Amino acid sequence: MALIDANNFYAACEQSFDPSLLGRPVVVLSNNDGCIVARNPEARALGICMGTPYFRIRQKLERLKVVVRSSNYALYGDMSQRLMRSLESHCEELEIYSIDEAFVRLSRPCDFNLRDWACRLRSLVYRNLGLPIAVGFGANKSQAKLANYLAKVVPANAGIFNFLTLSDREKRELLENVAVEELWGVGPKLARWCRSRGVCTARQFRDMSSGQLLSKYGVVGLRLQSELRGVVCWPIAKTAAPKKETCVSRSFGQPITSLEDLQQAIATYVVRAGEKLRRQRQLAGALTVFIRTSAFSSPFYSESATVQFHMPSNDTGVLLTASIPLVKKIFRPCCRFTKAGVLMHHLQGAEHLQQSLLLESTLEDQKRRERLMTAIDRLNGRYGRGTIGWAVCGTESDSTWSMRRDQLSRAFTTCLDDVPIVMA
DNA sequence: TCTGGGGTCCTAGGACCC
DNA sequence: TCTGGGGTCCTAGGACCC
């Protein structure tokens with residue numbers, strides 16, 4: 001099994017389409033230009049940390065001449081698809097784990113040279129997409145994750161590391177040099193608990209008492225430990241499990257104080273959520289709206305309201321009708337709202353819809369609405385989002401709340417007007 | 001002034017059943 | 001004095017991931 005991921009994925013995507021950034025420090029910001037979420041090695045070398053709020057570090061970045069980019073998910077999402085397609089054609093099974101990484105399974109003879117295979121794959125991906133990748137081999141997901149980490153942090157490994165070929169003694173020595181918090185699945189809480197018991201390295205974690213781990217961290221901790229010992233606890237999932245919930249939420253570019261603006265923002269998120277549901281071929285059984293003020297200033301206010309549907313739906317009209325009264329219900333005047341969102345839950349496959357005895361709409365009505373939604377999705381897909389909009393969302397130009405993206409690069413791969421032009 | 005977004009899994013505890 | 005046993009389902013909250 002192998003874990004393959006792109007190094008500094010967002011920053012690498014930016015550099016791939018703007019060669020003038022090569023060799024320069026680059027950081028990418030989260031939505032709303034909030035925090036640093038990606039850094040290339042040059043930026044890392046300057047001591048810029050992940051998660052730092054942008055406003056705190058802005059002047060330093062300017063002084064150090066660091067290139068700053070807003071998140072461009074149209075670009076990263078499309079580059080991700082290209083990367084996954086490329087990986088898929090070189091292995092037997094692929095599980096997409098996140099936007100920039102995948103677990104893969106290879107069936108090769110025992111004497112097959114995995115390193116050569118990984119080398120060729122790295123060159124190919126770099127040539128076609130301009131993205132550097134790292135490849136880690138292990139007996140299971142946790143080991144592959146660890147191998148991938150070592151492929152990246154040890155320069156001599158040059159982006160490839162194989163845990164499978166190590167002897168027991170070599171494994172032991174290697175794990176002795178990995179801090180416990182670097183293990184996949186060990187977060188800050190568990191790491192603190194481990195360290196307080198003198199378990200500071202991956203080797204000590206692997207060899208610690210399973211009973212202690214079970215009592216503190218349940219079966220999840222135990223599985224992680226078993227995988228480090230070589231057992232497979234999390235097999236590769238070839239097909240993605242259907243989602244159980246889907247959320248659309250954003251921080252606002254400026255705080256919202258009026259009910260009208262808040263309703264407009266929520267309506268915009270509901271429309272996005274409807275699109276997601278239809279793309280996933282799912283229906284929502286319930287919808288929650290949540291709003292909140294800044295967690296960094298008082299008084300803090302956070303509230304949510306939920307509605308259950310008589311009949312699960314992914315019809316934007318139904319979702320909007322249900323959500324707007326909820327906003328009114330939880331809105332408080334004099335609050336400066338900084339974030340809101342909608343959560344779709346009790347999701348079920350669109351193909352198994354239980355009809356309701358209580359609803360007046362006929363099956364024919366529902367079919368007509370489905371065709372309407374499909375038509376809207378197609379038009380927006382073909383001519384750009386917002387080609388067919390919903391009046392309740394307002395327009396982009398009159399929204400004061402849409403998120404800040406002051407340093408957005410272009411949609412190089414998904415918008416014809418933004419395709420780079422190379423002068424011969 | 002300004003601090004991301006979108007998920008999953010697990011467990012404990014409450015409500016309820018017979 | 002003593003107040004059952006065994007189960008399901010749901011939700012909230014915690015922890016983790018990228």
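Because the structure is predicted, anything quoted here is derived from the model rather than measured. Below, read A as the first sequence line, B as the second, and so on, with proteins coming before strands; counting in each chain starts at 1.
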Query raised in the report: Is the closest side-chain heavy-atom distance between Arg115(A) and Asn162(A) below 4.5 Å?
Result: no
**Report entry** Intra- and interstrand pairs of DNA chain C - dot-bracket, Watson-Crick/G-U under 3.5 Å, | marks other strand
**Finding:** ....||||||||||||||
Query - Per-pair stack call Tyr54(A) and dT3(B), 5.5 Å, 30° - result: no
Report summary line: Per nearest nucleotide of DNA chain B, the residue lying toward the 5' end, Phe55(A) or Lys339(A), is Phe55(A)
Report task. Report which part of the nucleic acid Lys276(A) touches: base, sugar-phosphate, or nothing (heavy-atom distance under 4.0 Å, all strands). Result -> sugar-phosphate
Requested in this report: Select base, sugar-phosphate, or nothing to describe what Lys145(A) touches, counting heavy atoms under 4.0 Å on all strands.
Outcome: sugar-phosphate
Query raised in the report: Under 4.5 Å between any side-chain heavy atoms of Phe337(A) and Asp261(A), yes or no?
Result: no
**Report entry** Within residues 76-101 of chain A: residues closer than 4.0 Å to DNA chain B (heavy atoms)
**Finding:** none
Report task. Give every residue pair that meets the side chain to side chain donor-acceptor pair (under 3.5 Å) criterion with at least one member in residues 134-148 of chain A, sequence neighbours excluded. Result -> Asp5(A)-Asn148(A), Glu95(A)-Lys141(A), Glu101(A)-Lys145(A), Ser142(A)-Glu227(A), Asn148(A)-Lys152(A)
**Report entry** Glu88(A) with Arg85(A): basic N within carboxylate O range, under 4.0 Å
**Finding:** no
Query - DNA chain C contacts among residues 188-213 of chain A, heavy-atom distance under 4.0 Å - result: Pro188(A), Lys189(A), Leu190(A)
Distances under 3.5 Å between nitrogen or oxygen atoms of protein and nucleotides 10-12 of chain B:
unit_1: dC10(B); atom_1: OP1; unit_2: Arg223(A); atom_2: NH1; d: 2.6
unit_1: dC10(B); atom_1: OP1; unit_2: Arg223(A); atom_2: NH2; d: 3.4

Query raised in the report: Is there side-chain contact between Cys194(A) and Phe205(A), with at least one heavy-atom pair below 4.5 Å?
Result: yes
Query raised in the report: Side chains of Thr414(A) and Asp78(A): is there a donor and an acceptor less than 3.5 Å apart?
Result: no
Report task. Only pairs at least two apart or in different chains count here, so list each salt bridge (Lys or Arg N to Asp or Glu O under 4.0 Å) that has a residue in residues 179-195 of chain A. Result -> Glu181(A)-Arg195(A)
Query - Atom-pair distance (CG on Leu224(A); P on dC17(C)), nearest Å - result: 9 Å
Requested in this report: Give a yes-or-no answer on whether the side chains of Gln407(A) and Tyr54(A) include a donor-acceptor pair shorter than 3.5 Å.
Outcome: yes
Query raised in the report: Can you find a pair of side-chain heavy atoms, one from Leu131(A) and one from Arg82(A), that are under 4.5 Å apart?
Result: no
Requested in this report: Find out whether Val271(A) and Cys393(A) are in side-chain contact, i.e. whether some heavy atom of one side chain is under 4.5 Å from a heavy atom of the other.
Outcome: yes
Report summary line: Sorted by chain and number, sequence neighbours left out, side chain to side chain donor-acceptor pair (under 3.5 Å) with Thr316(A) holds for Arg278(A)
Query - Spacing between Ile36(A) atom CD1 and dG5(B) atom P, to the nearest angstrom - result: 16 Å
Query - Residue whose nearest DNA chain B nucleotide is more 5′ - Leu343(A) or Gly51(A) - result: Gly51(A)
Query - DNA chain B-proximal residues of residues 242-252 of chain A, any heavy atom under 4.0 Å - result: Lys243(A), Lys244(A), Glu245(A), Thr246(A), Cys247(A), Val248(A), Ser249(A), Arg250(A), Ser251(A)
Query - For Lys238(A), all residues meeting salt bridge (charged side-chain N to carboxylate O under 4.0 Å, His left out), sequence neighbours excluded - result: Glu93(A)
Query - Any side-chain heavy-atom pair of Gln282(A) and Met344(A) under 4.5 Å - result: no
**Report entry** Asp100(A) and Ser98(A) side chains, donor-acceptor separation under 3.5 Å
**Finding:** yes
Query raised in the report: Does a side-chain heavy-atom distance below 4.5 Å link Arg39(A) with Met50(A)?
Result: yes
**Report entry** Distance, rounded to the nearest Å, where Phe290(A) contributes CZ and dG4(B) contributes C1'
**Finding:** 12 Å
Query raised in the report: Between Arg405(A) (CZ) and dC2(B) (C1'), how many Å, whole number?
Result: 18 Å
Requested in this report: Can you run down the side chain to side chain donor-acceptor pair (under 3.5 Å) pairs that involve residues 330-340 of chain A, sequence neighbours left out, and say none if there aren't any?
Outcome: Tyr301(A)-Arg332(A)
Requested in this report: Could you walk me through whether Asp33(A) and Ser70(A) pass the side chain to side chain donor-acceptor pair (under 3.5 Å) test, one step at a time?
Outcome: CA-CA 6 Å; Asp33(A) 290 349; Ser70(A) 301; 2.8 Å; yes
Report task. Go through the structure and list residues passing salt bridge (charged side-chain N to carboxylate O under 4.0 Å, His left out) with Lys171(A), not counting sequence neighbours. Result -> none
Report summary line: The correct set of residues in residues 174-186 of chain A placing a heavy atom under 4.0 Å from DNA chain C is Leu183(A), Trp184(A), Gly185(A), Val186(A)
Report summary line: In whole angstroms, the gap separating C1' of dG4(B) from CG of Asp406(A) amounts to 15 Å
Report summary line: Between CD of Gln254(A) and P of dT3(B) the distance, given in whole Å, is 12 Å
Query raised in the report: What are the two closest heavy atoms between Leu319(A) and Ser313(A), and how far apart are they?
Result: CD2-O, 3.9 Å
**Report entry** Rounded distance in Å - CZ (Arg404(A)) to P (dT1(B))
**Finding:** 13 Å
**Report entry** Value in whole Å for how far the P atom of dC9(C) lies from NE2 of His346(A)
**Finding:** 14 Å
